[in-house]
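Working notes, beginning with the structure itself.
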Amino acid sequence: GAVVSQHPSWVICKSGTSVKIECRSLDFQATTMFWYRQFPKQSLMLMATSNEGSKATYEQGVEKDKFLINHASLTLSTLTVTSAHPEDSSFYICSARAFGGSYNEQFFGPGTRLTVL
Amino acid sequence: TQLLEQSPQFLSIQEGENLTVYCNSSSVFSSLQWYRQEPGEGPVLLVTVVTGGEVKKLKRLTFQFGDARKDSSLHITAAQPGDTGLYLCAVRTQSGTYKYIFGTGTRLKVLA
């Protein structure tokens, strides 16, 4: 149980295009999902916290107009990188906290590698 | 300022050696987690420690939470190539949306 999937697993796009990444909780309902970005050989940096049915809360320094987050249902959150540029190339990982679950517990997706040419 | 500092940043050791990774902060936390991440994958939870001074063992891995709940260590005995990966400590913030913050990471490579 407690499986989180991400789609796509990797994507290559041209500079200036927008890319949507999906994060799904497959066997549980997730009231809260988190989006992280990880550059090569670095740790995970929290980008935003997404709560179902409400606006996402972005971390300092993360542009909300560039990284659009939608959490329309209890099993799906999406991250759209708008007008992507090469500096947005990174590994994007989501995690989900189960409805009614422990606040100590988050389940991670396998990540999406974005390469912007 | 990084909330959670890990040391060392990189570690390359021979199979069979022991090692310790540290996670330090000036803040007090109600709990702390350790994860291992392999390239191209999401982090996998190893352990959660919640009590000051707590020690937990997971096969050859020993985790300790500092008495003051500001720091933690991960000790690996007789490291194996399969232990290679990025080790991350993480804490949950105390209020608000209870978000999770990760440490700076320790990249371990165990050579056969």
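Below, chain A is the first sequence line, B the second, and so on; all start at residue 1.
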Working for side-chain contact (heavy atoms from CB on, under 4.5 Å), residues B:Tyr100 and A:Arg97: CA-CA 11 Å; B:Tyr100 303 86; A:Arg97 188 164 62 214; 3.4 Å; yes

CA sep, side-chain torsions, deciding dist, call: A:Thr57, B:Lys99, side-chain contact (heavy atoms from CB on, under 4.5 Å): CA-CA 10 Å; A:Thr57 302; B:Lys99 58 189 180 185; over 6 Å; no

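Residue B:Phe65 is grouped with residue B:Leu58 when hydrophobic side chains (ILVMFWY) are merged at heavy-atom distances under 4.5 angstrom, including chains of intermediate members. Residues A:Tyr36 and A:Val11 fall into different hydrophobic clusters, defined by Ile, Leu, Val, Met, Phe, Trp and Tyr side chains chained together at heavy-atom separations under 4.5 Å. Cluster annotation: B:Leu108 is not connected to B:Tyr22 through the hydrophobic network of ILVMFWY side chains, with a link wherever side-chain heavy atoms come within less than 4.5 Å. A:Val81 is not connected to A:Leu68 by any chain of hydrophobic side-chain contacts under 4.5 Å among Ile, Leu, Val, Met, Phe, Trp and Tyr, and they are in different clusters. A:Phe108 and A:Phe34 fall within a single hydrophobic cluster, where Ile, Leu, Val, Met, Phe, Trp and Tyr side chains are chained together by heavy-atom contacts under 4.5 Å.
The choice from A:Gly109, A:Gly111, A:Ser43, A:Pro40 that makes the most heavy-atom pairs within less than 4.5 Å of chain B is A:Ser43. Top candidate by heavy-atom pairs under 4.5 Å with chain A, chosen from B:Pro43, B:Gly105, B:Gly42, is B:Pro43.
For A:Lys66, the NZ atom counts as densely surrounded, since its 6.0 Å shell holds more than 12 non-hydrogen atoms of other residues, nucleotides or ligands. Heavy atoms from other residues, nucleotides or ligands lying under 6.0 Å from CD of B:Gln9 number 12 at most.
Under 3.5 Å, the side chains of A:Gln38 and B:Gln37 contain a donor-acceptor pair of N or O atoms.
Partners of B:Glu54 under the side chain to side chain donor-acceptor pair (under 3.5 Å) rule, at least two apart in sequence or in another chain, do not exist in this structure.
Distance check, rounded to the nearest 0.5 Å: CD1 of B:Ile101 to CG of A:Leu44 gives 10.5 Å. For the atom pair A:Ser9 OG and B:Glu41 CD, the distance stands at 11.5 Å (nearest 0.5 Å).
Residues from residues 84-95 of chain A that place a non-hydrogen atom less than 4.5 Å from a non-hydrogen atom of chain B comprise A:Phe91, A:Ile93, given in numerical order.
In this structure, chain B has a heavy atom under 4.5 Å from the backbone of A:Gln42, while its side chain stays farther away. Residue contact with chain A, scored on non-hydrogen atoms closer than 4.5 Å, is absent for B:Gln6.
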